[in-house]
2 protein chains.
Amino acid sequence: MAVSARRGEPLTLEEISSTALRLMDEGGVEGLSMRKLAAELDVNPMSLYHHVESKEALLRLVCHGAAERMHLPPDDGASWQDQLRALALTYHRHAREHPALWTYVHNHPEIVSDRRMRLWQVLYRILRLAGVPEAELCRTGDVLHAFVSGLVLFETQGHITDDPEEIDRTFDTAVNLIVRGLEGSR
Amino acid sequence: MAVSARRGEPLTLEEISSTALRLMDEGGVEGLSMRKLAAELDVNPMSLYHHVESKEALLRLVCHGAAERMHLPPDDGASWQDQLRALALTYHRHAREHPALWTYVHNHPEIVSDRRMRLWQVLYRILRLAGVPEAELCRTGDVLHAFVSGLVLFETQGHITDDPEEIDRTFDTAVNLIVRGLEGSR
DNA sequence: ACCTGAACACCGTTCAAGT
DNA sequence: ACCTGAACACCGTTCAAGT
């Protein structure tokens, strides 16, 4: 088994993925390139292709990893309104911690639309609690996710403002609008 | 005045901008590069820089042009609900005609957040009609636009579905949710 | 098995030179 | 005033070769 000439140990997927995420956090979407990542790992650019099929596959990996690590609120018996608020807040906070990653996610909806993601199970449970009919569950879930995506996209691009208090107010306005919209549909 | 060796007439901004839009319509965001655009115009890549400062400036130009050409519904005295629906429909339709352009717009919110855009004037008028207090106008407008952005982004990336009937249903679900959310806030 | 260097086909953009 | 070619500093990725 041959290892890198420059470093002592073989690469791991975990190492590749976490370094990629760090580069995105630091330098935005354009902060991550296969070549910069390789340099950061002190490795030849082409070595990466032994662990990952393409840049796209790498980004999928990073996104799925981050989504798995997102700790979703459990069913605590609270009202669906409060649970929906809590879920939105979790998502929102995670997105603001990794803005470049989530910008990528929201531009590649096939990643987040993977229905195996726990996010959807939690959202559907809350929507059922809210009285959304079974036949409308998927569509309503899509719409809500699209809404939150749009909001996150706006914020992470620094459009709305940088003032954290203002961000919270905007977030509240958005979530309240959604909650009232759902209440009105019963 | 020297003109292109390859073509008889000097370039115009209009020609550059409309060709760029066509390339985006045909080949997505990555379908437009300065080099491909130049080839399409039968001109040296560097000639473009005489008319446009950078690729970013070119895209701004294309976006603003497209936004100006979008024909917004006039105040026809209908209920704010119907007027909001009509506005959303116009925006939605335009976005679906130029998906790559609007994907770019939604990822560069500084473009659409330009408050000189007529879109905002129309939206604010409708929101006032809906009874949104003056102090909340800007925030509510941002939230609504973020919502629609997210929806459009999802759709144009082919996430939700390609079935036009399903798209319309999803759009209706979204707009109804927003309208009810606004009604509930009065 | 894992890593590497050279190479290919692309980018956006600068700069000095042409007419 | 407008256009051009060569060049620079980047990309992602293929491929044949090394250990």
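Residue numbering restarts at 1 for every chain, and letters A, B, ... go by the order of the sequence lines.
B/Met24 has its side chain within reach of B/Leu59: a pair of non-hydrogen atoms, C-beta onward, lies under 4.5 Å apart. Between B/Asp172 and B/Arg169 the shortest side-chain heavy-atom distance does not fall below 4.5 Å.
Atom-to-atom, CZ of B/Arg35 to P of D/dA7 comes out at 13 Å; the value is rounded to the nearest Å. Taking atom CG of A/Leu37 as the reference point, atom C1' of D/dT13 lies 15 Å away to the nearest angstrom. Protein atom CG of B/Leu58 is 12 Å distant from nucleotide atom C1' of C/dG12, rounded to whole Å. The distance from atom CE of A/Met34 to atom P of C/dT4 is 14 Å, rounded to the nearest whole Å. Whole-Å rounding puts the B/Asn44 CG to D/dA6 P distance at 10 Å.
Sorted by first and then second residue, the salt bridge (Lys or Arg N to Asp or Glu O under 4.0 Å) pairs involving residues 53-72 of chain A (not counting sequence neighbours) form an empty list.
A/Ser33 comes within 4.0 angstrom of sugar-phosphate atoms only, judged by non-hydrogen atoms across all strands, and of no base.
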Base-pair map of DNA chain C as dot-bracket, where | denotes pairing with a different strand and pairs are Watson-Crick or G-U under 3.5 Å: ||.|||||...|||||.||
What does the list of N/O pairs under 3.5 Å between the protein and nucleotides 15-17 of chain D look like, with a distance for each?
none

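For residues 16-32 of chain A, proximity to DNA chain C is found at no residue, defined as any non-hydrogen atom under 4.0 angstrom from a strand atom. Within residues 48-57 of chain B, the residues approaching DNA chain C are B/Tyr49, B/Ser54, B/Lys55, by heavy-atom distance under 4.0 Å.
Taking only side-chain nitrogens and oxygens, A/Ser47 never comes nearer than 4.0 Å to OP1 or OP2 of C/dC2. Dashed line: the shortest gap from a side-chain N or O of B/Lys36 to OP1 or OP2 of C/dC11 is under 4.0 Å.
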Check against side chain to side chain contact (heavy atoms under 4.5 Å, CB included), A/Val122 and A/Gln83: CA-CA 10 Å; A/Val122 178; A/Gln83 292 204 42; over 6 Å; no
Chi angles and distances behind the side chain to side chain contact (heavy atoms under 4.5 Å, CB included) call for A/Leu153, B/Ser149: CA-CA 9 Å; A/Leu153 213 55; B/Ser149 290; over 6 Å; no
Candidate pair A/Leu48 and A/Leu41, rule side chain to side chain contact (heavy atoms under 4.5 Å, CB included), full reasoning: CA-CA 10 Å; A/Leu48 296 173; A/Leu41 291 166; 3.9 Å; yes
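Taking a cutoff of 4.0 Å between a charged side-chain nitrogen and a carboxylate oxygen, B/Arg22 and B/Glu26 qualify as a salt bridge. Residues A/Arg93 and A/Glu97 are not paired through a salt bridge, judged by the lack of any N-O separation under 4.0 Å between the basic side chain and the carboxylate. With respect to B/Glu136 and B/Arg139, a salt bridge is recorded, a charged nitrogen being found less than 4.0 Å from a carboxylate O. Between B/Glu134 and B/Arg128 there is a salt bridge, since a side-chain N of the basic residue sits under 4.0 Å from a carboxylate O of the acidic one.
For B/His64, there are no ring pair (Phe, Tyr, Trp, His ring centres under 6.0 Å) partners two or more places apart in sequence or in a different chain.
Aromatic rings of B/His145 and A/Phe154 (six-membered ring for Trp) have centroids within the 6.0 Å cut-off, being under it.
The side chain to side chain contact (heavy atoms under 4.5 Å, CB included) test with B/His92 is passed by exactly one of B/Ile167, B/Val175, B/Leu87: B/Ile167.
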